[in-house]
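Whatever order the structure lists ligands and atoms in, that order sets their numbers, starting from 1.
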Amino acid sequence: MSAAAGKIPHHIAIVMDGNGRWATKRFLPRVAGHKKGVDSLRACVRHCGDIGVKVLTVFAFSSENWNRPAEEVSGLMELLVMALAREVPQLQSEGVRIHFIGERAGLSEKVRAGLAQAEANTAHNTRLTFNICFNYGGRWDIAQAAAKLAARGEPITEQSLNGAMALAHVPDPDLLIRTGGEMRISNFVMWQAAYSELYFSDKLWPEFDAAAIDAAIADFGKRERRFGRTSAQVTSPAESSARRKKAA
Ligand code: IPE
Ligand code: IPE
Ligand code: MG
């Protein structure tokens, strides 16, 4: 069954994990896995746009990934700049709007320029919002939002914090996917995933194709999202509110 037939999440967030293992299994350098991961991401963006997902947020480089060998870190930086230069014209024609989410200050001038250019070139697109989390950490986002409010002398509430987050321009993810078999968040969308449906796949990111996305979406379609309510309230809201009135 094609996922398009089922319920399509408005916002999908993905921890794209397993590039290194994909490469190592093939006796290739880890960066080769990241390159293959870019191809996988490219196909994922296209598929999400085609099936009507409105927001795609991907974890491409975490605040903690600086701890990797220097050669891998510089490889990832180069890959980002190259991939943006190569793909933005086509993304542009597919109606994809790119947002960079993360701490820009820690990045080189070249990377910052690449990101700014990609954002500017796609700023008028509306078909799919594509958030690239790069030099990003969920805790960083919460802390920078709190610092922003404190600097403005604004009260800190759930609502004001939410509005000051780097991801404030989109609703929370409906579906959070992690590939590569690990079952952890690794400092991704910590605040925004409060009510996301979680989906873990053993497939390594370079192997995560359109059919795998459809499988995740089909699984999502079977979930009952209760947001604290009872199942009865979710399945027949009119009936249970009538019952509530009667009881009152
Ligand atoms: C995820 O793949 C991509 C990044 C963290 C940049 P990994 O590089 O973490 O792949 P594994 O987990 O080592 O296989
Ligand atoms: C999370 O993957 C970060 C990205 C996918 C960019 P990691 O591979 O860095 O996560 P840990 O360190 O195994 O938790
Ligand atoms: Mg990993």
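- The neighbour count for Gln159 CD, taken as heavy atoms of other residues, nucleotides or ligands under 6.0 Å away, does not exceed 12.
- Between Trp140 and Tyr136, the ring planes are perpendicular. Angles over 60° get that label, and only those under 30° would be called parallel.
- Every atom of ligand 2 with a heavy atom of Phe61 under 4.0 Å away is listed here by number and element: 6 (C).
- Atom 1 (C) of ligand 2 has as its closest protein heavy atom Val15 CG1, 3.9 Å.
- When the shell of 6.0 Å around CD of Glu87 is examined, it contains more than 12 heavy atoms from other residues, nucleotides or ligands.
- Residue-ligand proximity: Arg184 is placed with a non-hydrogen atom under 4.0 Å from ligand 2.
- Counting the atoms of ligand 1 from 1 in the order shown, those under 4.0 Å from a heavy atom of Ala60 are 6 (C).
- No more than 12 heavy atoms of other residues, nucleotides or ligands lie within 6.0 Å of CD in Glu71, so this atom counts as exposed by the packing criterion.
- The part of Arg68 lying near ligand 1 is the side chain, judged by heavy-atom distances below 4.0 Å.
- Looking at atom 9 (O) of ligand 2, its nearest protein heavy atom turns out to be Asn65 ND2, 2.9 Å.
- Dense packing is recorded around NZ of Lys148, with more than 12 heavy atoms of other residues, nucleotides or ligands lying under 6.0 Å away.
- By the neighbour-count criterion of 12 heavy atoms within 6.0 Å, atom CD of Glu158 is sparsely surrounded, having that number or fewer from other residues, nucleotides or ligands.
- Proximity of Ile14 to Ile12: side-chain heavy atoms (C-beta onward) are separated by under 4.5 Å at one or more points.
- Each of Asn162, Asp172, Asp141 was evaluated against Trp191; a single residue qualifies, Asn162, per the side chain to side chain donor-acceptor pair (under 3.5 Å) test.
- Hydrophobic cluster membership of Leu204, counting Ile, Leu, Val, Met, Phe, Trp and Tyr whose side-chain heavy atoms lie under 4.5 Å apart directly or via other members: Trp22, Leu28.
- For Gly18, the heavy-atom gap to ligand 1 drops under 4.0 angstrom.
- Protein N/O/S atoms closer than 2.8 Å to the Mg ion (ligand 3), listed by chain and residue number, are Asp17 OD1.
- In terms of polar-atom proximity, defined here as any N/O pair under 3.5 Å, Ser186 does make such a contact with ligand 2.
- Per-residue contacts place Asp17 under 4.0 angstrom from the following atoms of ligand 2 (heavy atoms of the residue considered): 2 (O), 8 (O).
- Between Leu175 and Ile177 there is a side-chain heavy-atom pair separated by less than 4.5 Å.
- With ligand atoms numbered from 1 in the order given, ligand 2 contributes 2 (O), 10 (O), 11 (P), 13 (O), 14 (O) to contacts under 4.0 Å with heavy atoms of Arg178.
- Checked for salt-bridge contact, Glu119 and Arg104 meet the test: a charged N lies under 4.0 Å from a carboxylate O.
- Relative ring orientation between His99 and His169 is described as tilted, the plane-to-plane angle lying within the 30° to 60° band.
- When heavy-atom distances to ligand 1 are checked against a 4.0 Å cut-off, Ser62 has no atom that comes that close, whether in backbone or side chain.
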I'd like to know whether Arg178 forms a side-chain contact (heavy atoms from CB on, under 4.5 Å) with Ser186, so could you lay out the CA-CA distance, the side-chain angles of the two residues, the decisive distance to 0.1 Å, and finally the verdict. CA-CA 10 Å; Arg178 181 172 185 142; Ser186 300; 2.8 Å; yes
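- In this structure, Arg30 is part of the shell of residues with a heavy atom less than 4.0 angstrom from ligand 1.
- Residue Met16 touches ligand 1 through its backbone alone, judged by heavy-atom distances below 4.0 Å.
- If you look at Thr24 next to ligand 1, there are no close heavy atoms at all, none under 4.0 Å.
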